[in-house]
Amino acid sequence: MKAGFFFSILLSMLAQLSQAQYHYQTLMNYLESRMAAMEERIVLWHEQNNRYSSDLKKFRNQAADLLEKLGKEHEKLREDLEGAGVRVDRVEREMDYIETKNPPKPCVKAVDKMVEQDPVVKERKKKDEFFEVSVCVDIVSSIRAMKIVKRLGSTKGVWTKDARTAKVYIFNGTSEDTLYEFKSVKELSASSGMSKGKQITLPFAWYGTGHAVYDGFLYYVTERSELQLIKFHLENSSLVDSAVLPVQDQVSVYSFNPETMVDLIADEEGLWALYAVGETINLAKMDPDTLDIEQMWDTACSRNNAEAAFFVCGTLYVVYNTRPPSRSRVQCVFDVNDMVTPGEAPLLYFPRRFGAHSSLKYNPVEKQVYAWDDGYQILYRMSLKKKLWAIVPPPEE
Ligand SMILES: *[C@@H]1O[C@H](CO)[C@@H](O)[C@H](O)[C@H]1NC(C)=O
Ligand SMILES: *[C@@H]1O[C@H](CO)[C@@H](O)[C@H](O)[C@H]1NC(C)=O
């Protein structure tokens with residue numbers, strides 16, 4: 001009986017043992033299969049990794065090739081551009097030559113013709129023009145065309161037309177006391193020289209290129225002990241009035257035209273003066289009859305690298321250049337009515353010219369700028385568009 005008992009215990013132990021072994025075996029099988037799966041995955045990763053790194057290498061080589069090719073093409077493009085630049089320069093020079101050989105036809109505009117008409121029509125036309133200009137809400141959108149009218153005098157000077165008559169005035173140099181009057185642009189264009197015009201001698205020499213002519217009056221700045229504004233009647237050759245300008249720092253308005261301390265603009269809205277305060281250009285509105293200063297603004301336009309400015313419908317356009325001169329460009333705009341938004345003001349480039357502008361005088365009737373550039377008398381015809389706020393009124397505050 002005892003032996004049977006032990007035997008049964010042994011059997012049950014053996015059974016347990018084999019069960020344990022069975023469990024162990026299953027565990028081992030399971031682990032092995034997991035290891036095999038992991039190994040497989042590792043092999044796969046390895047392969048992928050190899051592929052990626054070879055792809056990366058290939059990509060890096062391709063990128064290097066591409067960069068090298070781009071570099072070569074860039075070089076070639078630069079050479080081509082330089083070649084084109086030289087050709088453009090040559091064409092411009094040839095055009096200048098042709099233009100000086102065949103002086104362009106003078107612009108006979110409404111005002112030229114107006115003078116030949118009878119006084120009644122003339123008066124009415126003047127009124128219409130006055131009305132049109134005083135309600136004007138225009139902004140310059142582009143420089144539409146350029147015309148070289150003449151080549152007279154020294155590198156710096158002023159030529160301008162009285163917007164109320166057809167008369168054209170030539171101020172040669174930056175400090176003289178004699179100017180020349182022509183009946184029209186046509187007469188000037190046909191003349192053999194500035195001395196063919198009517199000679200007008202001033203009581204004091206002008207200083208700079210800031211003169212303005214409007215409705216038969218010349219406004220100019222002379223430098224005696226102080227900066228003095230002179231109002232002169234051209235027809236009668238008489239001094240009408242004068243005033244000392246309260247300009248503190250005697251620095252030029254535009255750094256590229258050091259002789260011009262004050263730039264004057266005369267139009268139907270009054271007399272405007274541009275002068276520098278520190279490094280910025282300031283604007284004053286004056287009464288053309290009494291020469292009183294009515295209002296002043298800091299335009300926030302820098303005088304540095306500025307060469308000239310022009311004024312259209314209450315908006316000032318300051319023109320900048322580089323040294324040596326390249327293309328003149330409008331880079332600062334100031335609107336006295338605060339109607340022109342900065343984004344609305346166009347970046348205007350002037351056509352490439354000879355040197356730098358010594359003066360730019362806008363004629364509101366003809367919508368063109370009378371420019372003096374290195375002794376050339378040039379007309380720039382402007383395209384205008386309506387100020388945005390003239391179409392869409394600003395929201396009420
Ligand atoms: C114009 O000005 C220049 C220099 O200021 C002078 O040499 C030249 O004689 C002037 N021309 C006339 C016609 O006055
Ligand atoms: C110009 O002279 C005329 C005639 O002498 C005179 O009637 C007129 O008032 C003068 N004009 C000015 C602005 O001095």
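Counting starts at 1 for both ligands and their atoms, following the listed order.
- Protein residues with a heavy atom closer than 4.0 Å to ligand 1 are Ser154, Asn172, Glu176, Met194, listed by chain and number.
- The side-chain hydrogen bond (donor to acceptor under 3.5 Å, both in side chains) contacts involving residues 307-317 comprise Glu307-Asn321, Glu307-Ser328, Glu307-His357, Thr315-Asp335, Thr315-Lys387, where partners must be two or more places apart or lie in separate chains.
- Using the six-membered ring where Trp is involved, His233 and Phe217 have ring planes that are perpendicular, over 60° apart on the 30 and 60° scheme.
- The environment of CD in Glu40 is sparse: at most 12 heavy-atom neighbours from other residues, nucleotides or ligands sit within 6.0 Å.
- Arg151 and Tyr376 share a donor-acceptor pair across their side chains, judged by distance under 3.5 Å alone.
- Checking Arg303 against Thr280 by side-chain atom types alone, no donor-acceptor pair falls below 3.5 Å.
- Asp263 and Trp272 share no side-chain donor-acceptor pair at under 3.5 Å.
- For ligand 2, the atoms closer than 4.0 angstrom to any heavy atom of Asn236 are 1 (C), 2 (O), 3 (C), 6 (C), 8 (C), 10 (C), 11 (N), 12 (C), 14 (O).
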